[in-house]
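Since the structure comes first, as structure tokens, the remarks are kept for the end.
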Amino acid sequence: MARLSSLHDAVAAEVRDGMTVALEGFTHLIPFAAAHEVIRQGRRELTLVRMTPDLISDQLIGAGCASALVFSWGGNPGVGSLHRLRDAVEHGWPHPIVLVEHAHAAMAAAWEAGAANLPFAVLRGYAGTDLPSVNDQIAAIRCPFTDEELAAVPAHRPDVGIVHAQRADRDGNVLLEGIIGVQKEVVLASARSIVTVEEVVDDLGPRSMNASVVPGWAIDHVVVAPRGAHPSYAHGYYPRDNAFYVAWDDISRDRTRFTAWIDEHVLGAVAA
Amino acid sequence: MTIAASRALDPDDVCFVGIGAPSAACNLARLTRAPDLILIYESGTIGTRPDVLPLSIGDGELAETALTTVSVPEMFRSWLQGGHVTVGFLGAAQLDRYANLNTTVIGSYDSPHVRLPGAGGAPEIATHCQRVLITLRHRPRALVETVDFVTSLGFGRTGTERAALGIPTAGPQLVVTDLCTLAPEQDTNELVVTALHPGVGRAQVQAATGWPVRFAPEVAETPPPTEEELTVLRELHRRTAAVHGA
């Protein structure tokens, strides 16, 4: 059953060094405020799971929180490279990072399998590509009925799954709208879950009966974090800050400038 | 390049759109000769009709103008793997003579010269869509004899792997660059030049290609852009710049 927690307390209770932590959100509803709290609490040696490691992963990696990354597309969307990720991969700064590299179809299937409490996901994927040669988490499996060869990947079962959403009611039922990504699967697949929201309301408000709602009894912590997805966006609340994504290219290119940005905007800021 | 690429789409296609140049080409086609073209982005937006080009694969504009928006697992499992998409439109950092695509690394995987973003949705777009269109800038570093890493399968390292793996879809059918168009030769699956853009010569294409490129028996000239295509594309870029400030 969801407990209404502060950002500090939820992260302090659930995220510990060495854990596997998923922070998801497919372009939309990316949980930046929660990631910044992880940086402030100085967590280390995390295995980060994220389909599209973008600025949020660049910040966690550059701040020294991560030792491994499970992913399928790592870049600054529409802008270019992730310079902190590249620095960690190419020069081991501030720590070397192990990459476990997938394609989107496998990551999405692994989230579904995790939510379904299955040990692995099966998909018609990776045919003819070099990815299985660099990732031993991609295996071949034969269909027991047709003998067709298919790809198998382990289910995602992180210690903690963190996502952002538009709003929750006082029972902790959470509404997600717009591009809903893999957020529901992350909550269901993770041993413990934190959902940050723009606001808590008496009633979730007008919505269709098949709007995406995660019931409060399936969530561990609901945290109010206004603008908690910035610079990504929360549909109906604020737009994507495209200028910041462009500006990040310069901020992140240089270690000193990046560190100064983290000092000023993350370490110097107090959790909501 | 964008205009020539846009012409490769059929008006009744269901198209899985990559970001960047493919997105511009697909939306140009939708705004000109293919108004009923169905565009799908991997963020889960189906039948989207953006007024401006998205900066990312999941801009709010894509969701707002979509017929429906589904979860990412549903998109990849039921719609793409389910075989409901007629054409995939991809870009790449490297493309080789058998139309294999690399978006992973330049150089070796373990100590890359350039670490690229990675696979994203492309490997399964390349095998599950009924056919694949590719667009990229024509440079010797981009059109290479052999890609450093096969992120997405064209016809394989020898041109025969697609058939050997029993993949039933047609694979890459057309590559549009800023100089010319290329298509796989019938028996070898090697890309050969099928049309030159206006003002482009064979020597220029050869100089910009990283393998001894061959030309089809009959090489056409790409029809020049029409007034309508130019006007609509310029207007699309103007609106996009006004919104994204780029």
Side-chain angles (χ1 to χ4, degrees), chain A residues 25-28 51-54 71-82 85-86 89-90 99 101-109 111-112 115 123-131 133-134 148-149 177-185 212 232-233 235-236 239-240 242-243 245-246, chain B residues 19-20 42-45 54-60 62-64 69-77 80-81 100 102-104 109-112 114-128 147 149-157 161-162 164-167 243-246:
Chain A
F26 205 90
T27 306
H28 179 216
M51 290 186 69
T52 53
D54 40 35
F71 78 111
S72 46
W73 190 90
N76 182 343
V79 178
S81 287
L82 294 178
L85 170 60
R86 281 187 58 180
V89 171
E90 294 169 10
L99 299 184
E101 180 157 8
H102 282 290
H104 280 352
M107 288 287 282
W111 277 125
E112 274 187 326
L123 70 155
R124 209 177 247 122
Y126 293 120
T129 82
D130 286 341
L131 282 157
S133 70
V134 297
E148 181 185 357
E149 187 173 295
E177 289 181 303
I179 288 170
I180 55 174
V182 290
Q183 280 90 319
K184 189 182 282 191
E185 290 79 7
S212 191
S232 81
Y233 68 107
H235 218 125
R240 190 171 187 270
N242 287 321
Y245 281 82
V246 174
Chain B
I19 207 70
E42 65 193 19
S43 54
T45 56
L55 184 68
S56 84
I57 211 86
D59 277 16
L62 295 175
E64 274 162 18
T69 300
V70 302
S71 74
V72 170
E74 178 180 330
M75 173 56 73
F76 279 93
R77 185 172 291 279
L80 181 60
Q81 185 175 268
N100 302 298
N102 174 17
T103 56
T104 302
Y109 186 81
D110 290 325
S111 60
V114 182
R115 174 66 234 195
L116 299 164
E124 282 72 35
I125 293 173
T127 51
H128 296 328
V147 289
F149 191 95
V150 178
T151 311
S152 304
L153 179 68
F155 295 98
R157 296 281 191 193
E161 283 80 354
R162 195 176 187 93
L165 287 163
I167 296 167
V243 168
H244 293 319

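The chains referred to below are lettered A, B, ... by the order of the sequence lines, with proteins before strands, and numbering in each begins at 1.
Closest non-hydrogen pair, A/A127 versus B/T127, comes out as O-CG2, 4.3 Å. Between B/P73 and A/V182, the closest heavy-atom pair is CD-CG1, 3.6 Å.
Contacts of A/R86 with chain B are made by side-chain atoms alone, with heavy-atom separations under 4.5 Å and no backbone atom involved. In this structure, the portions of B/S71 lying under 4.5 Å from any heavy atom of chain A include both its backbone and its side chain. Residue B/R162 does not touch chain A at all, counting heavy-atom pairs closer than 4.5 Å. At a 4.5 Å heavy-atom cutoff, B/N100 makes no contact with chain A through either its backbone or its side chain. With a 4.5 angstrom heavy-atom cutoff, B/S43 touches chain A via backbone and side-chain atoms both. For chain B, the nearby part of A/M51 is the side chain; its heavy atoms alone come within less than 4.5 Å.
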**Request:** Check the pair B/T151 / A/E101 against side-chain contact (heavy atoms from CB on, under 4.5 Å), numbers first and verdict last.
**Result:** CA-CA 11 Å; B/T151 311; A/E101 180 157 8; over 6 Å; no
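Side chain to side chain, B/E64 and A/H235 meet the donor-acceptor criterion of an N or O pair below 3.5 Å.
Using a 4.5 Å cut-off on side-chain heavy atoms (C-beta onward), A/M107 and B/F76 make no contact. Counting only heavy atoms from C-beta outward, the side chains of A/R240 and B/D59 approach each other to under 4.5 Å. Contact annotation: the side chain of A/H104 never approaches that of B/I125 to less than 4.5 Å [non-hydrogen atoms, C-beta and beyond]. Residues B/F149 and A/T129 are not in side-chain contact: their nearest non-hydrogen atoms beyond the backbone lie 4.5 Å or more apart.
Rounding to the nearest 0.5 Å gives a distance of 6.5 Å between OG of B/S56 and OH of A/Y233. Interatomic distance, CZ of B/R115 versus CG of A/L99, reported as 6.0 Å (0.5 Å rounding). Note that the CG atom of B/L62 and the NE2 atom of A/H28 stand 12.0 Å from one another [nearest 0.5 Å]. Rounded to the nearest 0.5 Å, atoms CZ (A/R124) and CG (B/L80) are 11.5 Å apart.
In terms of heavy-atom pairs under 4.5 angstrom with chain A, the leader among B/A63, B/G120, B/G58 is B/G120. Annotation: maximal heavy-atom pairing with chain A below 4.5 Å, among B/G60, B/A122, B/A119, B/P117, occurs at B/P117. Most heavy-atom pairs under 4.5 Å with chain B: of the set A/G75, A/S81, A/A103, this distinction falls to A/A103. Of the listed residues (B/V72, B/T103, B/T104, B/D110), the one with the most heavy-atom contacts under 4.5 Å to chain A is B/V72. In terms of non-hydrogen atom pairs under 4.5 Å with chain B, the most contact-rich of A/S232, A/P77, A/G181, A/G178 is A/G181. Most heavy-atom pairs under 4.5 Å with chain B: of the set A/I180, A/D54, A/I179, this distinction falls to A/I179. Heavy-atom pairs under 4.5 Å with chain A peak, among B/E161, B/Q81, B/E74, B/M75, at B/Q81.
Remark: A/Y245 pairs with no residue by the ring pair (Phe, Tyr, Trp, His ring centres under 6.0 Å) rule, at least two apart or across chains.
Formation of a donor-acceptor pair under 3.5 Å by the B/Y109 side chain with backbone atoms of A/V134 is not found in this model. With hydrogens and angles ignored, the 3.5 Å screen pairs a side-chain donor or acceptor of B/E124 with a backbone N or O of A/Y126.
A salt bridge does not link A/E185 with B/R77: every distance from a Lys NZ or Arg NE/NH1/NH2 to an Asp or Glu carboxylate oxygen is 4.0 Å or more.
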